[in-house]
**Student:** 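Just passing along the structure, written as structure tokens.
Remember, predicted model here, so these are calculated numbers, not experimental data. Letters A, B, ... are given to chains in the order of the sequence lines, protein chains preceding strands, and every chain is numbered from 1.
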Amino acid sequence: DQQVKQNSPSLSVQEGRISILNCDYTNSMFDYFLWYKKYPAEGPTFLISISSIKDKNEDGRFTVFLNKSAKHLSLHIVPSQPGDSAVYFCAASGNTGGFKTIFGAGTRLFVKA
Amino acid sequence: DAGVIQSPRHEVTEMGQEVTLRCKPISGHNSLFWYRQTMMRGLELLIYFNNNVPIDDSGMPEDRFSAKMPNASFSTLKIQPSEPRDSAVYFCASSFDISGNTIYFGEGSWLTVV
């Protein structure tokens with residue numbers, strides 16, 4: 001049973017445009033959500049996060065939106081750059097019997113120059 | 001800080017052989033995670049330790065997989081016997097065990113079982 005779902009395996013966007021990556025979760029005990037970025041042959045690195053008490057968090061070109069009622073979050077990248085091409089993982093954590101962090105399957109973003 | 005350190009970075013082994021992957025978490029972190037990345041499932045949580053104690057091993061695929069954390073600075077993930085379907089990238093990660101904390105990943109161990 002996948003508790004964190006990223007239904008789009010890939011996304012292609014033109015440089016300068018907005019990239020929107022989506023994520024859904026099922027467990028209402030999750031109270032902290034994160035996005036990680038992964039380049040080939042490297043480990044995932046933390047990108048941005050949001051607590052369940054907020055509905056938006058912004059860091060430069062990256063903004064994460066949280067809709068708790070829909071159990072949905074999204075990552076917006078504006079403007080997209082070729083260096084943003086990577087796999088993006090959505091993750092959720094909370095006291096679900098231990099503070100483990102569960103990841104989605106990832107979305108591969110291609111930003112075309 | 002050196003970050004999470006994993007070894008080996010790459011391993012190629014024959015089916016039936018024992019494989020041991022090693023991890024040194026970030027000093028001071030009290031939670032350690034083993035994840036496996038595959039094309040089909042993305043990042044799967046295999047097992048999670050808190051203060052060196054296994055808390056949740058429900059993601060361990062079968063009895064051929066085992067993990068230990070003998071002290072706060074070292075953990076192993078062992079596969080015995082290994083099978084070709086175990087080929088994947090295995091990541092170790094660590095964090096403070098409080099919700100709202102970021103987990104930090106190592107660079108991964110690339111395992112190929114032939």
**Student:** Does B:Glu11 reach the main-chain N or O of B:Ser109 with its side chain, forming a donor-acceptor pair under 3.5 Å?
**Tutor:** no
**Student:** Which of the residues B:Tyr35, B:Phe91, B:Phe105 is involved in the greatest number of heavy-atom pairs with chain A at under 4.5 angstrom?
**Tutor:** B:Phe105
**Student:** Which bit of A:Phe33 comes within less than 4.5 Å of chain B, counting heavy atoms only: side chain, backbone, both or neither?
**Tutor:** neither
**Student:** Judged by atom type as modelled, is there a donor-acceptor pair below 3.5 Å linking the side chain of A:Glu15 to the main-chain atoms of A:Pro82?
**Tutor:** no
**Student:** With no hydrogens and no angle check, just 3.5 Å: does a side-chain donor-acceptor pair link A:Ser19 and A:Ser80?
**Tutor:** yes
**Student:** Select one option (side chain, backbone, both, neither) describing which atoms of B:Leu45 are under 4.5 Å from chain A's heavy atoms.
**Tutor:** side chain
**Student:** Distance-only, no hydrogens or angles: does the A:Tyr25 side chain make a donor-acceptor pair with backbone N or O of A:Leu73 under 3.5 Å?
**Tutor:** no
**Student:** Measure B:Glu44 against the heavy atoms of chain A and call it side chain, backbone, both or neither at under 4.5 Å.
**Tutor:** neither
